[in-house]
Participant: 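Structure incoming, see below.
Every heavy atom of this structure was used, including side-chain atoms; hydrogens, water molecules and symmetry mates were not.
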Amino acid sequence: MLLRHYPLIFLASALLAALTGRASVAFTVIPGGANASEFYRKESPYEVDNLLGETVLDTRLWWDPATWNDEVGAITPIKRGGTGEFLRNLSLWSLTSELGLFGWDFEIAQEDLEGNFEIVTNEACGYDDGCGGASTPIRPILRGIYRGVGSLFHVKYHPAGNDPRPSERKLHWIQMVQANYKGTLPGFPVVVIDNGRRKDTPYYDYPNFRFAGEDFLMDQAYASGRSNARSSRYFNAQL
């Protein structure tokens with residue numbers, strides 16, 4: 001619960017979001033500016049059916065006044081431990097897990113990590129873009145998703161000092177997703193813990209998952225099809 005990222009999808013003037021990170025005395029996000037170490041694209045304009053649209057990475061959320069002055073495509077801080085919304089949804093997930101009410105207990109860390117998180121890719125994908133083209137220790141995420149809107153986000157964890165190490169098999173990712181193109185009612189947001197609907201664990205990662213391991217996470221949020229490219233869509237996630 002140290003990063004929040006918003007790979008977003010939208011058309012014309014709709015509001016969407018990009019990426020934020022927590023930076024303090026010890027824990028850092030690198031690079032600290034807008035440019036990811038391998039690929040960064042904060043916006044991608046496109047045209048479909050004579051309609052002009054644009055996919056944008058944008059941390060400004062209309063329901064959160066604290067984000068209204070955020071710079072589009074930039075990195076902005078959130079508090080350690082995650083937002084109240086994140087913690088509430090983790091608690092709700094635990095109630096429906098196979099262990100029930102007393103199975104999982106989530107606690108906020110008392111201090112930051114000493115290492116850093118490297119943002120490898122943060123890419124807005126428009127209707128004509130091939131959204132992908134990054135490699136993980138499991139296997140490459142190839143380009144080839146076209147005719148839709150979305151983004152690709154890739155982050156690496158670099159421990160330092162007394163931080164947990166990947167070789168210790170103690171590290172996992174938890175991701176909460178809010179999106180308005182995945183529910184039964186198109187256009188209405190759905191909020192879920194992104195774990196493949198598993199009831200035994202809230203973790204985003206699992207063994208040999210190509211999108212996540214102990215020291216990396218990737219997400220390819222994407223809404224395919226002409227109708228999605230013509231509509232106002234968004235995806236935001238908190239890690």
Participant: Would you say Asp129's side chain and Gly126's backbone share a donor-acceptor pair under 3.5 angstrom?
Facilitator: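 Yes; judged by distance alone, with no hydrogens or angles, the pair exists.
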Participant: Side-chain contact, heavy-atom cut-off 4.5 Å: Gln175 with Tyr203?
Facilitator: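 The answer is no; the side chains never approach within 4.5 Å.
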Participant: Classify the angle between the aromatic ring planes of Phe106 and Trp104 as parallel (below 30°), tilted (30 to 60°) or perpendicular (above 60°).
Facilitator: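 Plane angle under 30°, so parallel.
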Participant: Specify the closest pair of heavy atoms between Leu57 and Ser151, including all atoms of both residues, with the distance to one decimal.
Facilitator: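 Nearest pair, atom of Leu57 first, then Ser151: CD2-CB, 4.3 Å.
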Participant: Is there side-chain contact between Pro164 and Pro159, with heavy atoms separated by less than 4.5 Å?
Facilitator: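 SC-SC contact between Pro164 and Pro159 ruled out.
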Participant: Heavy atoms only: give me the nearest Asn180-Ser232 pair and the separation to one decimal.
Facilitator: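 Nearest pair, atom of Asn180 first, then Ser232: ND2-O, 3.2 Å.
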Participant: Suppose we screen for salt bridge (charged side-chain N to carboxylate O under 4.0 Å, His left out). Which residues come up paired with Asp49, at least two apart in sequence or across chains?
Facilitator: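 For Asp49 the salt bridge (charged side-chain N to carboxylate O under 4.0 Å, His left out) partners, ignoring immediate neighbours, are Arg226, Arg230.
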Participant: With rounding to the nearest 0.5 angstrom, report the CG to OG distance, Leu51 to Ser231.
Facilitator: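 Rounded to the nearest 0.5 Å, the CG-OG separation comes out at 9.0 Å.
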Participant: Using 30° and 60° as the class limits, which term best fits the ring planes of Tyr127 and Tyr46: parallel, tilted or perpendicular?
Facilitator: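 Judged by the thresholds at 30° and 60°, the geometry between Tyr127 and Tyr46 is tilted.
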Participant: When you compare the side chain of Phe216 with that of Val120, does any pair of heavy atoms fall below 4.5 Å?
Facilitator: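 No; the side chains remain at least 4.5 Å from each other.
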Participant: If only side-chain N and O atoms count, and only distance matters, is there a donor-acceptor pair under 3.5 Å linking Thr83 with Gln238?
Facilitator: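 Yes, Thr83 and Gln238 have a side-chain donor paired with an acceptor closer than 3.5 Å.
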Participant: Are Pro202 and Ile174 side-chain neighbours, meaning at least one heavy-atom pair lies under 4.5 Å?
Facilitator: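 Counting from C-beta outward, Pro202 and Ile174 do come under 4.5 Å.
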Participant: State, to 0.1 Å, how close Trp173 and Gly213 come at their nearest heavy-atom pair, and which atoms those are.
Facilitator: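 Between these two residues, the closest heavy atoms are NE1-O, 2.7 Å.
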Participant: Distance from Leu239 atom CG to Met176 atom CE, nearest 0.5 Å?
Facilitator: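 It is 10.0 Å, given to the nearest 0.5 Å.
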Participant: As an exercise, state the distance from CG of Leu52 to CD of Glu47, rounded to the nearest 0.5 Å.
Facilitator: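 Going from CG on Leu52 over to CD on Glu47, the span is 5.5 Å.
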Participant: Nearest 0.5 Å, what's the OG-CD distance between Ser44 and Glu123?
Facilitator: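 Atom-to-atom, Ser44:OG and Glu123:CD are 8.5 Å apart.
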Participant: Within the structure provided, determine whether Asn195 and Tyr206 are in side-chain contact (heavy-atom separation under 4.5 Å).
Facilitator: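 No, side chains not in contact.
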Participant: So which atom in Val48 and which in Ala229 form the shortest heavy-atom distance, rounded to 0.1 Å?
Facilitator: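 That would be CG1-O, 4.0 Å.
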Participant: Using the rule side-chain contact (heavy atoms from CB on, under 4.5 Å), only one of Val155, Asp194, Leu152 pairs with Asp219; which is it?
Facilitator: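 Result: among Val155, Asp194, Leu152, Asp194 is the only option passing the side-chain contact (heavy atoms from CB on, under 4.5 Å) with Asp219.
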Participant: Kindly give the heavy-atom pair with the smallest separation between Trp93 and Ile193, and that separation in Å.
Facilitator: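 Between these two residues, the closest heavy atoms are CB-CG1, 3.8 Å.
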Participant: Are Tyr204 and Phe211 close enough that their ring centers fall under 6.0 Å?
Facilitator: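 That pair fails the under 6.0 Å test.
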Participant: Atom CD1 in Ile108, atom CG in Leu87: separation rounded to 0.5 Å?
Facilitator: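 Spacing of CD1 (Ile108) from CG (Leu87) equals 5.5 Å.
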Participant: Do you know which two heavy atoms are closest between Arg147 and Tyr222, and how far apart they sit?
Facilitator: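 Heavy atoms of Arg147 and Tyr222 come nearest at N-OH, 3.8 Å.
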Participant: Is there any side chain to side chain donor-acceptor pair (under 3.5 Å) pair reaching into residues 157-171, and which pairs are they, with sequence neighbours excluded?
Facilitator: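 Passing the test, one end in residues 157-171: Glu118-His158.
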Participant: Could you walk me through whether Leu171 and Asp215 satisfy the side chain to side chain contact (heavy atoms under 4.5 Å, CB included) test, starting with their C-alpha distance in whole Å, then the side-chain angles of each, then the deciding distance to 0.1 Å, before giving a yes or no?
Facilitator: CA-CA 8 Å; Leu171 300 173; Asp215 59 353; 5.9 Å; no
Participant: Would you call Leu99 and Ser94 a side-chain contact if the rule is heavy atoms closer than 4.5 Å?
Facilitator: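 With C-beta onward as the side chain, the pair stays apart.
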Participant: I need the Lys199 NZ to Thr96 OG1 distance, nearest 0.5 Å.
Facilitator: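 Lys199 NZ to Thr96 OG1: 4.0 Å, rounded to 0.5 Å.
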